[in-house]
Amino acid sequence: IVFGDWSSDVCSSDLIITGSQLPIGTLRTDGKENLISSVEIAAAQHNGQALVPEVAIYFENFLYRGNRTTKYNAEYFNAFRSENYPHLAKAGINIHYNHRYIHYPTTIKPLTVHSRLDTRVAILKIFPGISPDTVKAITQIPGLRGLVLETYGAGNAPSSDWFLHLIKQAVDRGLIAINISQCASGSVDMEKYETGLGLKNAGVISGYDSTTEAALTKLMFLLGQNLTPQEVKAQLSCPLRG
């Protein structure tokens with residue numbers, strides 16, 4: 001993890017996360033270039049402000065918004081992708097910044113690290129032939145507060161009475177469920193098909209085009225802020241970090 005300058009006299013800050021596919025001590029490692037470019041990006045400023053005042057991921061020549069990115073490749077150096085949001089920068093001989101898509105806050109505040117997370121959440125991936133016992137095993141975990149549903153396409157799931165009943169039963173008990181597509185690209189639209197509308201009627205919230213990782217983290221964060229269930233649901237539908 002590479003940190004920008006967060007001293008009190010700097011107007012903005014950034015945090016660049018990087019790594020490597022090969023250990024940094026190996027001959028063909030990608031870690032050195034990733035590290036050096038991350039340092040350069042983290043240190044880059046214009047008029048005393050960070051050029052990229054975001055939490056971002058740098059890997060194999062590209063800088064991505066952190067909460068828009070997922071790892072998709074374990075074999076090649078281009079391990080990460082941001083399917084639903086453009087890259088923030090591309091590094092070659094020069095580093096070209098995509099200023100149009102970088103979030104520049106109107107009000108500059110010091111970096112705040114939020115450490116209160118409620119990890120009483122789970123992920124339920126929908127698959128053909130999923131059984132009532134499987135859904136019960138997840139939704140009826142003692143103390144569970146949040147659930148990320150990984151559904152088909154635009155947010156579709158089984159329309160069986162037993163399935164929708166179990167999901168609605170869990171929501172009625174206070175469980176907060178958010179719908180995320182299993183597809184790498186695209187967005188959830190629960191009003192597009194009847195199979196998605198059933199989830200909406202059961203009280204499931206749309207995750208739109210969020211990644212599973214972002215939805216899970218956002219759920220953990222909001223549940224850890226002592227908010228009411230209504231406030232959590234409202235903020236799940238709002239962009240908190242771009």
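Separating the CD atom in E83 from the OH atom in Y72 is a distance of 8.5 Å, to the nearest 0.5 Å. Once rounded to the nearest 0.5 Å, the distance linking CG of N47 with CG of L51 reads 9.5 Å. In this structure, the separation between NE2 on H114 and CG on L222 is 10.5 Å, given to the nearest 0.5 Å. To the nearest 0.5 Å, atom CZ of residue R81 and atom CD1 of residue I57 are 14.5 Å apart. Here the CG-NZ distance, from N201 to K168, works out to 9.5 Å after rounding to the nearest 0.5 Å. One distance of note links CG of L124 with CG of N179; it measures 10.5 Å at 0.5 Å rounding.
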Show which side-chain atoms of residues 86-100 pair as donor or acceptor with protein atoms under 3.5 Å away, not counting sequence neighbours.
unit_1, atom_1, unit_2, atom_2, d
N98, ND2, H87, O, 3.0
H99, ND1, Y104, OH, 2.9

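Although no hydrogens or angles enter the test, the distance criterion places no donor-acceptor pair under 3.5 Å between the side chain of N73 and the main chain of F80. The main-chain N or O of P23 is found under 3.5 Å from a side-chain atom of T29 such that the two form a donor-acceptor pair. A distance-only check finds no donor-acceptor pair linking the side chain of S20 to the backbone of D30 [under 3.5 Å]. No donor-acceptor distance shorter than 3.5 angstrom exists from the side chain of E54 to the backbone of R241, with no hydrogens or angles considered. A donor-acceptor contact shorter than 3.5 Å is absent between the side chain of E150 and the backbone of Q182. In this structure a side-chain-to-backbone donor-acceptor pair under 3.5 Å is present from K218 to L236. A donor-acceptor pair under 3.5 Å is formed between the side chain of T18 and the backbone N or O of Y58. Checking side-chain atoms of Y85 against main-chain N and O of Y101 turns up a donor-acceptor pair under 3.5 Å. Remark: side-chain polar atoms of N67 are not paired, donor with acceptor, to backbone N or O of A214 under 3.5 angstrom. The backbone N or O of R68 lies less than 3.5 Å from a partner atom in the side chain of S82, making a donor-acceptor pair.
Contact of the V148 side chain with the V121 side chain is not registered, since no non-hydrogen atoms from C-beta on lie closer than 4.5 Å. Residues I205 and S237 have side chains in contact (heavy-atom distance under 4.5 Å, counting atoms from C-beta outward).
Neither L35 nor F77 shares a network with the other; the hydrophobic side chains, linked directly or stepwise wherever heavy atoms of I, L, V, M, F, W or Y lie under 4.5 Å apart, form separate groups for each. Note: the hydrophobic cluster containing F221 does not contain I17 (ILVMFWY, side chain heavy atoms under 4.5 Å, direct or indirect links).
The environment of CD in Q140 is crowded: more than 12 heavy-atom neighbours from other residues, nucleotides or ligands sit within 6.0 Å.
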